[in-house]
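Keep in mind that the numbers below use all heavy atoms, side chains included, and drop hydrogens, waters and symmetry copies.
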Amino acid sequence: MSFSSPQLRRLKPAYQYVVNNFLAVLAVPLAVAGVVSAARVGPEELLARMHALRPVHVFLAAFLPAAAATLYLMMRPRSVYLVDYACFRTKPSHRVPFGTFLEHAKLVTFIEGASIDERSVRFMTRLLERSGLGEETCLPPAHHFIPPYRNLEASRQEVELVIFSAIDDLLAKTGIRPDAIDFLVVNCSLFAPIPSFTDMIIRKYKMRSDVRNVHLSGMGCSAGLISVGLARNFLQVAPRGSHALVVSTETITPNYYVGKERAMLLPNCLFRMGGAAALLSTSRAKARFRLSRVVRTLTGAQDNAYRCVYQEEDEEGHRGINLNKDLMTIAGDALKANITAIGPLVLPASEQLLFALSFIARRVFNNKSIRPYLPDFRLAFEHFCIHAGGRAVIDELQNSLGLSDEHVEASRMALHRFGNTSSSSLWYELAYIEAKGRMRRGDRVWMIGFGSGFKCNSAAWECIQPARDAQQGPWADCVSRYPVHIPEVLKH
């Protein structure tokens, strides 16, 4: 079922108005009928009928609605708000142009113990040319050495540089004191030192001894949304006005792969340095966004989904992340499952009805020629933040959801400017939308993240107050140059 013909397309706005405002369309005739009926009866007969009502009827008519409304207000979940967020701002000294990256890769071939060869370098060259990354993406200081530093101390230095910078910016923007934070949730998949990230943050900012803290590891690129969902759950059982700090990053210093397995060379080319910090609260004061929904779907029970993003050692003992060739197919299946879960929660009634009719028609008539109706999520959201995992990921979601180039512009530009910053990429994309001045009060944002396991997670936000100083974020020095044209193959 679709509105493919010109006649049906002209009727679609009227259909959407009637279905989405069904109660109002139904209530108006009933109200008019009630007024006409009362006018025919006359005021004296109406008063007589009201006096005939028993006190118990009047009591129940007033008490039951009031009791139901009170019970609803007590039982409904608390609203959780995003006070503000901040992204790590890279420095020019961290920049790694393609030429520098490939020169280092060639020199690594001569390092003792490394098995990366000229064939691998040519593969990475072709991959970079088609990756959608630009010349300003950044790697941590340890990767600027030959051979790259991959030790524990260098890894800790990257952590402190990225997350402390993001938290400093967030605290400055919000004006909140570190001792006012009640919950701390940090996610980083591939680096889990002892003491943990949360311990490092608590020590640095002298947080309270009773701050509840969690470090999520191994959850993949969608862990940022998992952290938001976890913080939301914490805030539901905390006193009103509590605050939760969520920090998302990926430490890539210890994860440079020096083998020659192509599937394990991909992360070397795509992942870059980045991180973000977000402050959540159940207080609406100074809040900029309201968290509407968090929906998580996991397909890890299937063996191929479980192993499609897999950390392992190659035949020569070099550790890396193996990105399976079936990754895009598995991601598409996970996206469908997530859409099925979040659709009824966010889509207008007109889209839900069309989807239901399409589903029933396919089942009743058992006719596979009837195409399933793809809901138009553009009616539910004004902005889309799709995980900048790679060019193919963004292309696949754009086609699957029927989005325009403008809808996925933030994702493409974040990939071009910052690369794949893992779980923090969604915040760089939100910052891009705001830096371009496109966010308006009441606008709705859909964040979509993919991660190992395999997971597809979503978060829906509603804008309460656009940023007043959006130009001061991670795009401050370059937003005027964007958007840029990204060729299919970049020759340099």
Side-chain angles (χ1 to χ4, degrees), residues 81-95 134-138 140 158 160-178 180-181 201 204-205 224 228 243-249 272-281 283-291 382-385 388 406 409-419 421-443 445 447 461-484:
Y81 301 94
L82 173 66
V83 181
D84 216 329
Y85 66 97
C87 300
F88 170 69
R89 288 185 280 184
T90 55
K91 298 179 180 179
S93 58
H94 301 146
R95 189 171 66 92
E135 297 280 358
E136 297 183 82
T137 60
C138 295
E158 181 191 347
E160 295 174 357
L161 173 63
V162 173
I163 66 175
F164 290 169
S165 298
I167 295 174
D168 287 343
D169 286 348
L170 178 63
L171 296 179
K173 291 171 70 175
T174 59
I176 191 172
R177 294 173 53 86
I181 295 172
I201 294 172
K204 164 72 174 178
Y205 295 98
V228 168
H243 294 87
L245 175 61
V246 174
V247 182
S248 299
T249 189
R272 292 295 185 267
M273 187 180 183
L279 183 65
L280 303 179
S281 177
S283 172
R284 188 184 174 95
K286 299 181 180 180
R288 299 195 45 241
F289 289 85
R290 182 179 68 85
L291 179 60
E382 284 74 32
H383 307 287
F384 297 81
C385 296
E406 184 176 352
E409 181 182 309
S411 301
R412 293 194 190 281
M413 298 307 110
L415 179 65
H416 182 271
R417 173 62 183 82
F418 297 101
T421 59
S422 190
S423 57
S424 65
S425 68
L426 300 172
W427 299 105
Y428 285 94
E429 295 164 23
L430 182 60
Y432 177 84
I433 296 170
E434 295 207 278
K436 284 302 212 178
R438 297 174 182 173
M439 190 67 66
R440 298 288 184 270
R441 185 191 302 268
D443 281 2
V445 183
M447 289 184 172
W461 304 87
E462 181 183 351
C463 179
I464 299 174
Q465 180 62 51
R468 296 180 180 178
D469 56 350
Q471 297 288 344
Q472 301 303 314
W475 297 88
D477 60 345
C478 60
V479 70
S480 59
R481 304 197 307 268
Y482 282 88
V484 298

*asked:* Counting only heavy atoms from other residues, nucleotides and ligands, does the tally under 6.0 Å from CD of Glu160 exceed 12?
replied: yes
*Closest contact, heavy atoms only, Ser248 versus Ser424*: O-CB, 3.6 Å
_Taking Arg288 first and then Glu434, would you say they form a salt bridge - that is, a charged N and a carboxylate O separated by under 4.0 Å?_
yes
_Minimum heavy-atom distance Leu245-Ala277, with the two atoms named_ = CD1-CB, 4.3 Å
_Would the distance check show the side chain of Arg441 and the main-chain N or O of Ile464 forming a donor-acceptor pair, the cut-off being under 3.5 Å?_
yes
*Does Tyr81 have Lys286 sitting over its ring (NZ/CZ under 6.0 Å from centre, angle to axis within 45°)?*
no
*Would you find a donor on one side and an acceptor on the other, under 3.5 Å apart, between the side chain of Glu429 and the backbone of Ala388?*
yes
*Of the non-hydrogen atoms in Thr137 and Phe418, which two are nearest, and what is the gap between them?*
CG2-C, 3.7 Å
*Thr249 (side chain) donor-acceptor with Gly274 (main chain) under 3.5 angstrom*: yes
*Keeping the roles fixed (side chain from Trp475, backbone from Tyr428), state whether a donor-acceptor pair exists under 3.5 Å.*
yes
*Are a donor atom and an acceptor atom from the side chains of Glu409 and Tyr432 found within less than 3.5 Å of each other?*
yes
*Arg272 (side chain) donor-acceptor with Thr421 (main chain) under 3.5 angstrom*: no
*Heavy-atom donor-acceptor pair, Arg284 side chain to Arg290 backbone, under 3.5 Å*: no
*Can you tell if the side chain of Phe164 reaches within under 4.5 Å of the side chain of Ile201, non-hydrogen atoms only?*
yes
_Spacing of SG belonging to Cys138 relative to CZ belonging to Arg89, to within rounding of 0.5 Å_ = 13.5 Å
